Trainee: 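What follows is a single structure, and I will ask about it in a moment.
Letters A, B, ... mirror the listed sequences (proteins, then strands); counts begin at 1. The structure presented is a predicted model; accordingly, all values stated were derived computationally and were not measured.
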Amino acid sequence: MIVHEVITTEKVPLRFRVAGINSRLLAWLADMGMILLFLFMGAVVSAPLSMGRAGLGEALLLLWIFGVLFGYFLLFEWLWHGQTPGKRLVGIRVINWQGTGISFTQSAVRNLYRLVDGLPLYGVAFVIAACNRENRRLGDLAAGTLVVHVESRARPVQALQEGIPDMDRAREALLRQRLNQLDRQQKQTLLDICMRRDQLGVGDRARLFRAVGEYCQTQLGLTPQEYQSDEKFVLQLAAVLSFAGRAEQGSG
Amino acid sequence: MDLATFLNERRPEWRQLEGLLEQVEGSGLGSLDDDQAVAFGRLYRRTASDLNHAQTFINGEATVRYLNDLVARCYLLIYAVPRSSFLGVLRPLFWNYPAVFRRYFGHFLLATAIFAAGAVFGLLASYFDPVSRLYLLPDMPMIQPGDEGTTPLQTSGGLAENISLLFTHNVQVTLLAFAAGVTFGVGSAWLMFYNGLILGALGAVFLQANQGLAFATGILPHGVLEIPATLLGGASGLMLGQALIQARPWSRIDELIRRSADALFLVWGCVPLLAVAALLEAGVARAPDWFFGSGFKLLVAGVFGFLFVTYILLVGWGKRGRAEGVAA
């Protein structure tokens with residue numbers, strides 16, 4: 001995954017995950033579908049008009065086609081903070097190189113360049129996007145923009161249990177001692193699973209927690225308490241783990 | 001601070017920010033009342049600082065990633081360029097445009113020169129070697145000068161169709177001339193030359209048939225606006241080409257970005273020009289001679305040419321001639 005890092009005005013480093021050619025192509029296909037729909041709507045509306053007066057319907061249709069082809073990307077990306085319906089579907093967004101929203105001029109520049117980018121079946125865009133780190137096509141380079149992944153809605157992290165959950169000191173000491181055998185990466189994974197448990201599907205969630213639980217049982221020689229599900233067991237480990245940090249910090 | 005305490009202490013504020021953020025993303029910053037706006041700014045700054053803290057001290061990718069996405073979404077909205085109304089975009093466009101035009105008049109002249117060279121070449125080739133017309137004018141080999149006088153008047157519907165067709169086609173050609181500038185200007189120069197070539201070759205056809213007046217009345221009423229509009233496309237393309245060739249001391253990309261805004265501003269002017277030109281072409285230039293006399297057609301050409309030159313020469317002195325400030 002390619003990451004584009006910007007420093008905000010508050011001096012906080014923000015990391016954007018750069019969108020690859022695949023997701024952009026997917027968004028483009030969805031947008032093409034939308035454009036075809038718009039054109040079809042125009043044709044349906046203009047057909048009865050040209051029955052009334054020959055040529056009038058065709059005149060409006062031509063203007064409509066022109067407006068849709070040039071205006072669709074330009075207006076959507078300007079008004080929807082860098083997203084078109086297709087981009088929103090895929091979960092990607094056009095942003096300024098500095099991480100802020102794009103202006104009207106930027107949207108106009110990057111979409112007018114489609115005339116060149118799209119020349120032989122978007123060949124120019126493909127070659128140029130393949131030749132730079134952030135997969136920017138010519139229009140992106142000229143407008144100073146890039147396309148990144150964004151979460152459309154927040155996926156909140158779950159709180160871990162506060163305080164050591166009910167277990168005797170002997171068990172807590174045992175868990176703490178055994179958990180120290182894990183390396184840093186494994187500890188992080190254990191915590192991440194617990195915090196992001198609500199973002200998983202039911203099946204995945206059960207499978208993941210069972211796998212982690214079994215790993216801890218076989219590798220660390222720990223056993224769940226009576227009637228304790230895999231998830232509860234792992235959550236208990238995570239609770240102990242997250243408080244172990246304080247002890248280390250205090251001593252160090 | 002350890003992870004569990006950090007999460008438990010800070011999570012309520014993050015959730016609050018999420019709620020406000022969803023409202024702003026849906027209906028804009030303006031939809032917040034005073035208290036909410038203050039809260040949004042405060043929560044954003046605190047969450048940004050939490051992100052900073054988490055990146056350094058907290059174990060676990062999940063927290064950092066969640067905070068990063070949250071702050072990124074806010075950052076995008078808070079530091080966006082303020083959006084002005086439609087009129088707010090158009091008014092500076094009108095008053096600033098001639099200044100930008102004059103600033104890049106050299107590029108316009110160069111585009112004109114290339115166009116003229118193409119026209120002369122086309123004229124000579126077509127005049128002395130009629131066979132070449134097959135290649136120069138492939139779409140119109142059957143033009144018979146002299147039959148304009150008998151064509152019937154168009155219906156209003158047909159007229160409207162012609163206007164749309166001419167307008168959309170011409171705008172596309174002009175925008176292509178702009179975008180083709182990224183080939184270091186070669187593409188734009190070629191398009192200018194080619195357009196001149198066609199005009200010249202067509203002129204020769206009429207000249208040989210002793211129909212010079214018909215050619216003038218057929219081209220000039222809209223040509224006085226359409227040809228400058230096409231040249232604007234070429235000029236803006238040449239600006240991009242120059243930015244790529246003479247980028248030092250900046251990188252080519254940086255210079256291209258800087259120049260694209262001005263070039264785009266310049267090429268924008270083609271849209272109103274071509275809209276009027278399409279009206280004139282379909283309505284006046286192609287009207288049969290028994291309806292509008294040659295004198296009237298030339299008068300129209302003169303009036304619109306005069307208006308255009310006056311606008312370019314007289315309006316907007318004292319403006320800086322930059323696209324800045326219009327970019328909303």
Trainee: Any side-chain donor-acceptor pair under 3.5 Å between B:Asn195 and B:Thr230?
Mentor: no

Trainee: Using only atom types and a distance under 3.5 Å, with no angle test, would you say the side chain of A:Asn111 pairs donor to acceptor with the backbone of A:Ser107?
Mentor: yes

Trainee: Could you tell me which portion of B:Leu67 (side chain, backbone, both or neither) has an atom closer than 4.5 angstrom to a non-hydrogen atom of chain A?
Mentor: neither

Trainee: Looking only at heavy atoms and a cut-off of under 4.5 Å, which of A:Gly144, A:Gly99, A:Ala143, A:Gly139 has the most pairs with chain B?
Mentor: A:Gly99

Trainee: Taking non-hydrogen atoms and a cut-off under 4.5 angstrom, which of residues 68-77 of chain A neighbour chain B?
Mentor: A:Phe70, A:Leu74

Trainee: Within 45 degrees of the ring normal and closer than 6.0 Å to the centroid, is that where the cationic atom of A:Arg93 sits relative to A:Trp80?
Mentor: no

Trainee: State which residues pass side-chain contact (heavy atoms from CB on, under 4.5 Å) with B:Gln242; sequence neighbours excluded, sorted by chain then number.
Mentor: B:His107, B:Gln246, B:Arg259

Trainee: Please flag which part of B:Ala72 lies under 4.5 Å from any non-hydrogen atom of chain A: side chain, backbone, both or neither.
Mentor: both

Trainee: In terms of the angle between their ring planes, are A:Phe104 and B:Trp268 parallel, tilted or perpendicular, with boundaries placed at 30° and 60°?
Mentor: tilted

Trainee: Hey, is the main chain of B:Arg10 close enough, under 3.5 Å, to the side chain of B:Glu13 for a donor-acceptor pair?
Mentor: no

Trainee: Out of B:Asn52, B:Ile257, B:Val267, which one racks up the most heavy-atom pairs below 4.5 Å with chain A?
Mentor: B:Ile257

Trainee: So which of B:Trp14, B:Tyr44, B:Tyr79 has the biggest tally of heavy-atom pairs under 4.5 Å with chain A?
Mentor: B:Tyr79

Trainee: Most heavy-atom pairs under 4.5 angstrom with chain A, which of B:Asp254, B:Val182, B:Ile253?
Mentor: B:Val182

Trainee: Going by an N to O cut-off under 4.0 Å, is there a salt bridge joining A:Arg17 and B:Asp69?
Mentor: yes

Trainee: Please look at B:Leu240 and chain A and tell me whether the side chain, the backbone, both or neither of the residue comes under 4.5 angstrom of a heavy atom of that chain.
Mentor: side chain

Trainee: If you measure only the distance, is there a donor-acceptor pair under 3.5 Å linking the side chains of B:Tyr75 and A:Gln98?
Mentor: no

Trainee: Run the side-chain hydrogen bond (donor to acceptor under 3.5 Å, both in side chains) test on A:Tyr122 and A:Arg114 for me, step by step, so that the C-alpha distance in whole Å, both residues' side-chain angles and the decisive distance to 0.1 Å come before the verdict.
Mentor: CA-CA 8 Å; A:Tyr122 273 79; A:Arg114 275 179 204 279; 3.2 Å; yes

Trainee: So for A:Thr9, is it side chain, backbone, both, or neither that comes closer than 4.5 Å to the heavy atoms of chain B?
Mentor: both

Trainee: Is the ring centre of B:His53 less than 6.0 Å from the ring centre of B:Phe6?
Mentor: yes

Trainee: Checking heavy atoms, do the side chain of A:Leu138, its backbone, both or neither come under 4.5 Å from chain B?
Mentor: side chain

Trainee: Can you say whether A:Gln106 sits under 4.5 Å from chain B via the side chain, the backbone, both, or neither, judging by heavy atoms?
Mentor: neither

Trainee: Does A:Gln185 CD have over 12 foreign heavy atoms under 6.0 Å away?
Mentor: no

Trainee: Taking side chain as everything from C-beta outward and backbone as N, CA, C, O, which of these in B:Leu264 sits under 4.5 Å from a heavy atom of chain A? Side chain, backbone, both or neither.
Mentor: side chain

